[in-house]
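Written out below as structure tokens is the structure these notes cover.
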Protein chains: 2
Amino acid sequence: MLDDRKKRILQAIVDEYVNTAEPVSSGSISKKKGLDFSSATIRNEMSELEKSGYLEKTHTSSGRVPSAKGYRMYVDELLKEDNISLDEIKFIKEKLQTKVNQIEDLMKIATNTLSEVTHYTTVAIGPKVTKQIIQEIKFVLLGNRMLMAVILTNTGMVRETIINFEEDIYEDQIQTINVLFNSKLKGKPFDSINEPLEDFIFTEMESSANMIKTIIEQLNKVIYEESKLYLEGTNKSFELPELEKAETAKNFINILENKAEVVDLLDNEISKDISVYIGDELDDENLKDFSIITLKGEGKGMGTIGIIGPKRMNYSKVISVMRYIQKLIDEGGL
Amino acid sequence: MLDDRKKRILQAIVDEYVNTAEPVSSGSISKKKGLDFSSATIRNEMSELEKSGYLEKTHTSSGRVPSAKGYRMYVDELLKEDNISLDEIKFIKEKLQTKVNQIEDLMKIATNTLSEVTHYTTVAIGPKVTKQIIQEIKFVLLGNRMLMAVILTNTGMVRETIINFEEDIYEDQIQTINVLFNSKLKGKPFDSINEPLEDFIFTEMESSANMIKTIIEQLNKVIYEESKLYLEGTNKSFELPELEKAETAKNFINILENKAEVVDLLDNEISKDISVYIGDELDDENLKDFSIITLKGEGKGMGTIGIIGPKRMNYSKVISVMRYIQKLIDEGGL
DNA sequence: TTTAGCACTCAAAGAGAAAGACTGCTAAAA
DNA sequence: TTTTAGCAGTCTTTCTCTTTGAGTGCTAAA
């Protein structure tokens, strides 16, 4: 589709624009080494790149800015994935080696690290619990009327929830419940909590029937409760020239404020390990001037981490860093 | 100090400025009912109010704006505390009646409600655990090497933490530990965890000595871990004309991003139930254009809720709403 | 196919000029 | 003694006009 020289010029334009945030002129590109043509030649090429939709102008006599299509081409075909320095590697490694008690704590560290290294705002949601396998479920009596249910899943994740009762609870009831829930749920996915209980339970355990119902209700809440949200480096985005425009800044705040939307964003997409969404590819008015890159860690008890940056984000750096973090997590032992 | 008319004029000016965010002219005040003097008279009074430091001008021929001293006078002496409508009362009541399993969940609801009703950004931190009395402490074995400690305090708060071990743990060890920690801690404040253990423990329970050490370490982390932070209505602040100035917006973001500082703000001040901090009274460069009003709920298992708004915040409305929420919480049963 | 050169376009920045919202002050009125 | 009308003076805001400079597109020559 695009010949080699056009690709190289497009690449140079995106790289330049990522750095400067200013429309790129033919002159500045012709000065780059590796592209030793006069500005007039570059100008002709740029004009054609614009006709094919890879570049845009802000006004008749301005330089060029990459279009969404241009960024897409850059991300899919032109981007180099080794944009990470030795210092950064060292920094990331050290941070991710921090000892944690729960795998979810690692999410927090990874989110923070990603934001520190890339200087963009990072959002993450914890892993979804629904499809995880229950390894063990225990009940703890607190006081006389408060019960805590603690559930351990196959990925090593722990979920706990508190259930209040109107009447006193007795130790032998807890025994019964312990046996019941473990036999019912052990080895099954979290959402099998809703499978109907056999009838005999309600006849044989009549005295605890209400209690069992209440517990199931509350466990359901745990399944569908909002995922934990991690957010790092909001202020970093406010250093961007893009956010000097009040409207863009407002859009950005709206994105972050609307937690449900952020969760959807990171969660619902049928994304691969690393995915890039550019501008309005995500069909959200607030996001039209931003891009999102997500890293999925599901299955390893990690959730999804996302970076929100301007459309002219440093895709190369972000993806390189994400790949490296992914590699460290995969190697495990962390 | 200030005669009655001056006070009424100052009050009118603050009220007007809170509404419009524009410097207030003598003309606009003389039109207000209850102040039937000519603009010239008002002008003379305003000039004197400025000399005494209650008002400021933005330039020679501009209207007047309240100074920090002016706001302080307004808050301390002129403010009416019944600025709350029946609709608002109904709305708040309904929200706060939501059934919750933990008292801390009520914090979240209160924070959200406060932001909804006042249209300002609201921050809250959970109650401090340090001085609370331990009512019960239980240990739950998860898998073979993971232990969860669950602590119930006198305010009904529950704290849990996970501790990982390098070696397998046996049920009888848990028994021992249960007895030990309960006899040591029951009825004592949370931070007494650090009181030294009697020597005999380490001789008699030699096999578990390491385990006990690890547990104490981890419980210490729970005490001093960052308080939970609730944040609502960030985007509401971005509707303020004040935040159209890029610098003010940046300051605002910095305040919110710097979690440690927010915690200090809400926590360390020797504030009463409701306290008002105006502009640079808090000696923080970022806060110089903002005011903070805090509501302390400590002791009832609630933490501290704070509203961050512009200096020309609607003190009257915010305080009225806070008082009402405080009343509802005090009446308890919630 | 590439490039030099030049006309043309448009945004950004600055310089006046005009309008309008205030104040402060003075002198008269209450 | 207190209040007020009236007016000069100040400063911001807004508008228009001009200048500057960074770009492009096109043509004709290399």
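Order of the sequence lines sets the chain letters (A, B, ...), proteins ahead of strands, with each chain counted from 1.
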For B:E247 and B:K288: C-alpha separation, side-chain torsions, deciding distance, then whether salt bridge (Lys or Arg N to Asp or Glu O under 4.0 Å) applies. CA-CA 12 Å; B:E247 198 211 322; B:K288 69 177 196 297; 3.5 Å; yes
Are B:I9 and B:E48 close enough, and set up right, to give a side-chain contact (heavy atoms from CB on, under 4.5 Å), and what steps lead you there? CA-CA 11 Å; B:I9 290 174; B:E48 286 181 44; over 6 Å; no
Could you please spell out the steps behind the salt bridge (Lys or Arg N to Asp or Glu O under 4.0 Å) verdict for A:R323 and A:D273? CA-CA 9 Å; A:R323 277 260 188 266; A:D273 52 344; 3.6 Å; yes
Determine, stepwise, if the pair B:K90 / B:D87 fulfils salt bridge (Lys or Arg N to Asp or Glu O under 4.0 Å). CA-CA 5 Å; B:K90 199 181 145 204; B:D87 277 356; over 6 Å; no
Determine, stepwise, if the pair A:E16 / A:K32 fulfils salt bridge (Lys or Arg N to Asp or Glu O under 4.0 Å). CA-CA 10 Å; A:E16 178 77 6; A:K32 291 247 159 75; 2.6 Å; yes
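We find that OH of A:Y17 is positioned 14 Å from P of D:dG23, with the value rounded to whole Å. Taking atom NE2 of A:H59 as the reference point, atom P of C:dC10 lies 9 Å away to the nearest angstrom. Between the CG atom of B:L55 and the C1' atom of C:dT23 there is a distance of 14 Å, given to the nearest Å.
Within 6.0 Å of NZ on A:K69 lie more than 12 heavy atoms contributed by other residues, nucleotides or ligands. In the displayed structure, B:D283 atom CG is contacted under 6.0 Å by at most 12 heavy atoms of other residues, nucleotides or ligands.
A:S26 comes within 4.0 angstrom of sugar-phosphate atoms only, judged by non-hydrogen atoms across all strands, and of no base.
Less than 4.0 Å separates DNA chain D from at least one heavy atom of each of the following residues of residues 29-51 of chain B: B:F37, B:S38, B:A40, B:T41, B:R43, B:N44. Sorted by residue number, the members of residues 60-68 of chain A with any non-hydrogen atom under 4.0 Å from DNA chain C read A:T60, A:S61. Applying a 4.0 Å cut-off to non-hydrogen atoms, none of the residues of residues 4-13 of chain A approaches DNA chain D.
When both pairing distances are held under 3.5 Å, D:dT14 makes a Watson-Crick or G-U pair with C:dA17.
Nearest approach of B:K296 to B:D267, heavy atoms of both residues: NZ-O, 3.6 Å.
Between the side chain of B:E88 and the backbone N or O of B:S85 there is at least one donor-acceptor pair closer than 3.5 Å.
Figure legend: A:R5 and A:F37 shown as a cation-pi pair, the cationic atom lying under 6.0 angstrom from the six-membered ring centre and within 45 degrees of its axis.
Ring pair A:F252/A:F290 is tilted by interplanar angle, where 30° to 60° counts as tilted.
Look at B:K57 and you'll find a side-chain N or O under 4.0 angstrom from OP1 or OP2 of C:dG24.
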